[in-house]
Amino acid sequence: MADENVEQQRRSTCSRRGFFAGSGALLGLGLLPRQSFAAQSSANTPHWRPEVRFTPRRNWMNDPNGLVRHRGEYHLFFQHNPSGIEHANMSWGHAVSTDLVNWQHLPVALEPDELGEIFSGSAVVDEHDSSGLFGGGSGIVACYTSAGRTQTQSIAHSSDGGRTWTKYPGNPVIDNPGIADFRDPKVIRHEPAGKWVLLLAAGDRVLFYESTDLLNWTKASEFGAEHGAHGGVWECPDLFELPVDGDESRSRWVLVVSINPGGPAGGSATQYFVGDFDGTEFVNENDPDEVRWVDRGADFYACQSWFGVPPEDGRRLWVGWMSNWAYAQHVPTSPWRGAMTAPREVGLTESSSGTRLVQRPVRELESARGPARHWRGMVPEHATAPRFRGTALDIVAEFEIVDGRPEFGFEVLAGDEHRTLIGYDAESRRLFVDRTRSGSAEVAPEFPARHETPLSVDGSRVRLRILLDHCGVEVFAEDGAAVLTELVLPDAGDDRGRVFCSGGRVFLESLRVHELRT
């Protein structure tokens, strides 16, 4: 693990390319001249290292694990190889944050043992010592997959805020019933029934177990063999209740399941179901053949939500792994491989097609914003302005279509040969990210691609928010009704951005561009 001073130096010298240059005349506004910042100097921080997304200091990372809030800290555990940049030697890495933006790296929490490697899982706060592991006090209980000869489920507990862990001597607490893919336990508390509920991904379905003490589990039900997408193995389930449009009287349960392969952009992806849960069985309220994707980009997987967010906060918060199993082991970042998305707030809204999931970046991310630069005005066809620069930006825009059926949006992370396009096609009514020319890095043959998602807009207005952070983009349209998450790997120095429009005209009602800094 890198020395703390090296990490602080990286943060202080991280490349801050930006801001803006170009045609103020188009919008009748004067633009600030380009500002330059010191280039990254540390060999441990190449130009792909994100500014606000979490990455390990070094070595491999995939799924988020054990997300729990305890004693004012958000805990982020993650699948980690402490010894190398390949997927091997799976352990639980660990970091904590008080604001979901700035993270403190901690020592590896759980390492392989005689039962096998430590695969994905979850964590809860045992507030009233239902497990009997805390001598009448409270603490964190982690439930994870022991991946040895077979996949079984084990637990560990911590009385000191997750700094040290004791594995339960009676592990495994759930034996393998003869299923090859039997993993990723997600534990929740179901207060109306007064019990703990554990979800397991088991091949092509989710199994539900119940317990009163977190130690002894009984199978209660299963879901999914004939529901949703089945192009690959199901993984990393999650389950939570959300109000619809803020109305607690119309709450629904959301069951989330990742799948590999079979995603809409190829490779791995995450689907969800909306319905009811009585503490024992989940009932899907939609047609079993209907598939709903959490994110139609290529790089949002294994998302998990935080346990223990205070009721007065009222939010459901989650984060996902920003990669895809189709090429994850070939992403050329170094000395680390793997990044998380920005943490997101998750909600439900009623739409013409039923109750739908919406996502938006957590409000805490606004603390990382620099001062905004603003534009407003007409963007005629083939316009090349306004222009800006930056590799870590928070872009908020509202467009209005004036005439034609244009394709419009932003070109970002551009250089003389490369660029990434993010925008809306009014003809097909689809949001897109085009990374066919995002950089020269060789990842995999399927990596250069254009990925899209349907987007219904209110009249002629299109609202976008884009988180641009060195090696990836997260695009949220119409308050998070449509989301695309994509790795992009621009060459060093590819930092130019501009608004583009073709096939018609649009009016840029507002544009704010913030540099992101931690």
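Sequential numbering from 1 along the given sequence is applied to the chain's residues. No hydrogens, no waters, no symmetry mates; every other heavy atom, side chains included, goes into these values.
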Exercise for the section: Taking all non-hydrogen atoms of both residues into account, name the closest pair between A298 and H451 and its distance. Expected result: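 Taking every non-hydrogen atom into account, CB-CE1, 3.6 Å.
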
Within a radius of less than 6.0 Å around [atom1] of [X], do more than 12 heavy atoms belonging to other residues, nucleotides or ligands occur?
X    : atom1 : answer
D287 : CG    : yes
R250 : CZ    : yes
D458 : CG    : no

Got a salt bridge between [X] and [Y], using NZ or NE/NH1/NH2 to carboxylate O under 4.0 Å?
X    : Y    : answer
D238 : R316 : no
R356 : E478 : no
D181 : R183 : yes
E515 : R373 : no
E417 : R437 : no
D299 : R435 : yes

Handout entry: Candidate pair R430 and D425, rule salt bridge (charged side-chain N to carboxylate O under 4.0 Å, His left out), full reasoning
Key = CA-CA 5 Å; R430 298 181 77 83; D425 184 341; over 6 Å; no

Completion exercise
A326 meets the side chain to side chain contact (heavy atoms under 4.5 Å, CB included) criterion, sequence neighbours left out, with N324, E446

Handout entry: All side chain to side chain contact (heavy atoms under 4.5 Å, CB included) counterparts of S251, not counting sequence neighbours
Key = E241

Using distance alone, with no hydrogens and no angle criterion, decide if [X] and [Y] have a side-chain donor and acceptor under 3.5 Å apart.
X    : Y    : value
E407 : S502 : no
H80  : S91  : no
N65  : S120 : yes

Hey, can you tell me if [X] and [Y] have their rings parallel, tilted or perpendicular (30° and 60° cut-offs)?
X    : Y    : value
Y424 : F408 : perpendicular
F273 : F282 : perpendicular
F77  : W92  : tilted
F500 : F432 : tilted
Y301 : W321 : perpendicular

Practice task
Determine yes or no for a side-chain-to-main-chain donor-acceptor pair under 3.5 angstrom, with Q79 supplying the side chain and I118 the backbone.
Solution key: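 Here the side-chain-to-backbone pair exists.
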
Exercise for the section: Keeping the roles fixed (side chain from N89, backbone from N81), state whether a donor-acceptor pair exists under 3.5 Å. Expected result: no

Problem - Validation row, ring centre H105 to ring centre F54 under 6.0 Å - result: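 They qualify: ring centres under 6.0 Å apart.
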
Handout entry: Aromatic ring proximity W325/H87, centre distance under 6.0 Å
Key = yes

Practice task
Give me the one residue out of L489, T436, D491 that meets side chain to side chain contact (heavy atoms under 4.5 Å, CB included) with H418.
Solution key: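 Going through L489, T436, D491 one by one, the side chain to side chain contact (heavy atoms under 4.5 Å, CB included) with H418 is satisfied by D491 alone.
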
Exercise for the section: Applying side chain to side chain donor-acceptor pair (under 3.5 Å), name anything that partners R252, two or more places apart in sequence or on another chain. Expected result: E285

Handout entry: R360 charged N/C atom sitting above F476 aromatic ring, 6.0 Å / 45°
Key = no

